[in-house]
Amino acid sequence: MNDLILEVRALQKSYGRVMAVDSVSFDLCRGEVLALLGPSGCGKSTTLRLVAGLEEPEGGEIKIRGKTVASASRRVFVSAEKRNLGLVFQSYAIWPHMTVGKNIAYPLEIRGFPRAKIQEKVEEVLNLVGLGEFGMRRATQLSGGQQQRVALARALAYEPDILLLDEPLSNLDAKLRAEMRLQLKALQRRLGMTILYVTHDQVEAMSLANRVAVMRQGKIEQLGTPLEVYESPASFFVQSFVGRVLTLPVVLGSANGTVFQIDVTPDSISAHHDSSPNGNRVRLAIRPEDVTIEPLSDAISKNGIRGIVEDLIYCGDHIEYVLRVGETQLLFDTSKDTALERGQEVVLRMNAERVKTWPASDE
Ligand code: ADP
């Protein structure tokens, strides 16, 4: 996958005093899916709109297939319709007064495709998204999921170099979203599509993308495979955004190489801490799947921390426990087999390899 399609370098865009996109750089190779993932307002859509040519950057450069399409310093700006990109937004933006077929044909007519070719393309892409029978329907007679597939078919029809998808599944209900996610992944694999995918949903990003760029306040905080950002997060922000995490304020005790004693009064555990501690008050973070809880017994062996069950909520396939450790309340899901009671004293046992420590404040 070394065939570079998109190169984004030091991209910059502000709105008034808001730095919407701040020194953003990444590459996209042919057939690759890159997700821009982050909370609302972190600059994902603006980055996508800059790539699309719907916004002009104040700094940096964008190349598509090696050709500069935007450069602030060289004053290059190629307009959106000349970039050969396919766009799909959260609002399907299909034309309600047209049939499904016409929705797809219309952009091709504008681009001057021959009539016979248009007919062929409309049929081909409708079949691709599983709407082969729907060409003559009015677009408004379709369900939300079907309308979104029309929007996708329309973007695919003129064979764009890159498909730019901005929260394409956000308007669908949870079940349909999960279904569409699978369909989109299958279609992407089959066609080898190159996709830049904007989402705030970590499951969507992790399951669809080959690489994920986690964004925060206009910057990319980490860019890596789903495995890398989940297993080796670069910051507490990344760790907590790409999955669930239990956190506790702790005190770093004595060290033996990079293994520190971590005090969670009255207990202590040992774990790796890579950077030299900046003060000894830090934040411990661990994923729930790396913790087990069990009833308190006499011996608190290694890497156990005492807590108490404050509440428990039966959720059918699992139980949600509200635990208290010192001053901190933790929410912890576990299987139905773990039978603990309200008020019971417990031990949280942590996998020492998986304990992370971060600065107490992540700002
Ligand atoms: P995201 O897609 O991650 O939700 P956006 O790229 O839409 O974030 O927005 C990034 C920041 O830029 C936000 O603070 C947002 O309010 C601001 N912003 C985006 N578009 C505009 C605009 N047209 N005018 C003013 N501010 C904007």
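First listed ligand is number 1; within each ligand, the first listed atom is number 1. Just so it is clear, the values below take in all heavy atoms, side chains as well, and ignore hydrogens, waters and symmetry mates.
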Against the six-membered ring of F77, is R83 placed for a cation-pi contact (under 6.0 Å from the centre, within 45° of the normal)?
yes
Please report the shortest heavy-atom distance between A155 and V88, naming the atom on each side.
CB-CG2, 3.7 Å
Any chance CG of N256 has more than 12 other-residue heavy atoms, nucleotides or ligands included, within less than 6.0 Å?
no
Just to confirm my output: which protein heavy-atom neighbour is closest to atom 7 (O) of ligand 1, and how far is it?
S45 CB, 3.8 Å
At a 4.0 Å cut-off, with the gap strictly under it, does some heavy atom of P39 reach an atom of ligand 1?
yes
Going by side chain to side chain donor-acceptor pair (under 3.5 Å), D311 matches just one of R342, R324, Q329. Which one?
R342
Using a 4.0 Å cutoff against the non-hydrogen atoms of C42, which atoms of ligand 1 qualify?
1 (P), 3 (O), 8 (O)
For L142, is there any backbone N or O sitting under 3.5 Å from a side-chain donor or acceptor partner on Q147?
yes
For atom 8 (O) of ligand 1, what's the nearest protein heavy atom and its distance?
G43 N, 3.2 Å
For atom 12 (O) of ligand 1, find the nearest protein heavy atom and state the residue, atom name and distance (0.1 Å precision).
A20 CB, 3.3 Å
Spacing of R154 atom CZ and L108 atom CG [to the nearest 0.5 Å]:
10.5 Å
Would R216 count as a cation-pi partner of F241, with NZ or CZ less than 6.0 Å from the six-membered ring centre and within 45° of the ring normal?
no
Atom 14 (O) of ligand 1 has as its nearest protein heavy atom V18 CG1, 3.5 Å
Applying a heavy-atom cut-off of 4.0 Å, say which part of T46 lies close to ligand 1: side chain, backbone, both or neither.
both
Protein non-hydrogen atom found under 4.0 Å from atom 19 (C) of ligand 1:
yes
Verify atom 4 (O) of ligand 1: protein non-hydrogen atom under 4.0 angstrom away
yes
Identify the closest protein heavy atom to atom 24 (N) of ligand 1: which residue and atom is it, and at what distance?
Y15 CD2, 3.6 Å
Could you tell me if any non-hydrogen atom of G38 lies under 4.0 Å from any atom of ligand 1?
no
Tell me the protein heavy atom at minimum distance from atom 13 (C) of ligand 1, and give that distance in Å.
G41 O, 3.7 Å
What do you reckon, does K44 have a nitrogen or oxygen under 3.5 Å from a nitrogen or oxygen of ligand 1?
yes
Does R111 make a cation-pi contact with Y106 (under 6.0 Å, within 45 degrees of the axis)?
no
For the pair Q222 (side chain) and A234 (backbone), establish whether a donor and an acceptor sit closer than 3.5 Å, ignoring hydrogens and angles.
yes
